[in-house]
Amino acid sequence: MKNNIRVERAIKNITQAELADQVNVSRQTINTIESNKYVPSTVLALKIARVFGKPLEEIFMLEEGD
Amino acid sequence: MKSKFLFPYWCRFLGWALFLVHVPVVLLKKDLGFDVPGDLSDQGLFNSHHLFFMCTSLLMVSGLFLVAFAKEKIEDEQIWQVRLDSLRWAIYVNYLILIISLVFIEDTGHILHLNLWVPLLFFIVRFRWVIFRLNRSLSREG
């Protein structure tokens, strides 16, 4: 699964730490999600999508082989 | 994320303190006058050898237990996953060592000794190592 959190963050102009704060996780978690090392739970994915005000599919998308 | 069944954050320091207290006591047991072998008046279930073993083991195990299952500063789902993963590895390693020592060591008392601290210590080392790596990749990206 890939995501474009980094792009969305740039558009909204917030840092990893600010996003982490808003969804109640550590900065490490946001960092590993952005670098595709960690797949968030549905709850966390929905929270992240809510911060950016976009539907889930615009932020997280399946890759080939998923 | 609700973190049930975990000790508060400060228990980590308490745990290390208990563990560190146990080390010199075990190392210096003869010098401190505990656990003198060969005393015939000292028999029964609660003889000094057993009492000494019980107290030091309790110190060590409760110390490691507190360290292993204390909350992190920020508990989130990734920490949970790392914790579960480390536990799985600790059980694997523990049983591997257990099986090997069952085959190659006759003295079963030592197997209990190993079993007391191997899973906890391996869990702690592995858990902290993964968190250290996460932090390092974070500081590399800035």
Side-chain angles (χ1 to χ4, degrees), chain A, chain B residues 1-16 64-93 119-142:
Chain A
M1 188 176 88
K2 44 186 189 143
N3 64 77
N4 52 15
I5 294 179
R6 205 168 293 229
V7 178
E8 294 294 337
R9 270 198 312 109
I11 294 169
K12 215 168 178 273
N13 198 19
I14 55 172
T15 62
Q16 282 185 346
E18 284 163 342
L19 177 60
D21 233 29
Q22 290 183 42
V23 292
N24 287 323
V25 296
S26 65
R27 226 184 108 199
Q28 286 92 326
T29 303
I30 298 296
N31 189 49
T32 45
I33 295 171
E34 278 188 6
S35 44
N36 293 327
K37 283 186 218 150
Y38 177 68
V39 177
S41 68
T42 317
V43 175
L44 180 55
L46 284 166
K47 279 186 187 172
I48 292 172
R50 191 171 61 187
V51 169
F52 295 126
K54 293 198 170 170
L56 201 63
E57 292 86 347
E58 282 184 32
I59 295 167
F60 299 94
M61 49 289 272
L62 288 173
E63 280 177 302
E64 265 185 58
D66 274 341
Chain B
M1 198 75 176
K2 283 176 207 153
S3 40
K4 286 178 191 163
F5 308 121
L6 286 176
F7 300 111
Y9 178 66
W10 54 266
C11 282
R12 190 202 294 183
F13 304 105
L14 177 68
W16 280 126
L64 287 178
F65 199 81
L66 285 173
V67 174
F69 299 111
K71 275 182 199 161
E72 289 298 295
K73 257 188 184 154
I74 302 176
E75 278 286 331
D76 63 18
E77 54 180 59
Q78 196 188 19
I79 296 287
W80 265 98
Q81 208 199 335
V82 172
R83 188 176 278 127
L84 283 178
D85 217 40
S86 305
L87 264 178
R88 183 166 55 91
W89 273 108
I91 295 293
Y92 281 173
V93 167
L120 285 174
L121 200 67
F122 187 85
F123 167 74
I124 293 167
V125 169
R126 206 270 179 180
F127 184 56
R128 299 254 60 99
W129 167 245
V130 173
I131 288 181
F132 167 75
R133 268 195 0 218
L134 284 178
N135 286 337
R136 202 177 48 179
S137 72
L138 193 62
S139 61
R140 208 185 297 134
E141 295 205 7

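Here is the naming used below: chain letters follow the sequence lines, and residue numbers restart at 1 for every chain. All values below come from the heavy atoms of this structure, side chains included, with hydrogens, waters and symmetry mates left out.
Between the CD atom in A:Q28 and the CD1 atom in B:I131 there is a gap of 8.0 Å [rounded to 0.5 Å]. A distance of 7.0 Å separates CG in B:D76 from OH in A:Y38, rounded to the nearest 0.5 Å.
The two residues A:S41 and B:E77 have their closest heavy-atom pair at OG-OE1, 2.6 Å. Between A:V25 and B:I74, the shortest heavy-atom contact is C-CG2, 4.0 Å.
The 12-atom threshold is exceeded at CZ of B:R128, counting heavy atoms of other residues, nucleotides or ligands nearer than 6.0 Å. Counting non-hydrogen atoms of neighbouring residues, nucleotides and ligands closer than 6.0 angstrom, the OH atom of B:Y92 reaches no more than 12 such neighbours. Atom CZ of B:F69 is surrounded by more than 12 heavy atoms from other residues, nucleotides or ligands within 6.0 Å.
Sorted by first and then second residue, the salt bridge (Lys or Arg N to Asp or Glu O under 4.0 Å) pairs involving residues 57-66 of chain A (not counting sequence neighbours) form an empty list.
Counting heavy atoms from C-beta on, the side chains of B:E72 and A:S26 never come closer than 4.5 Å.
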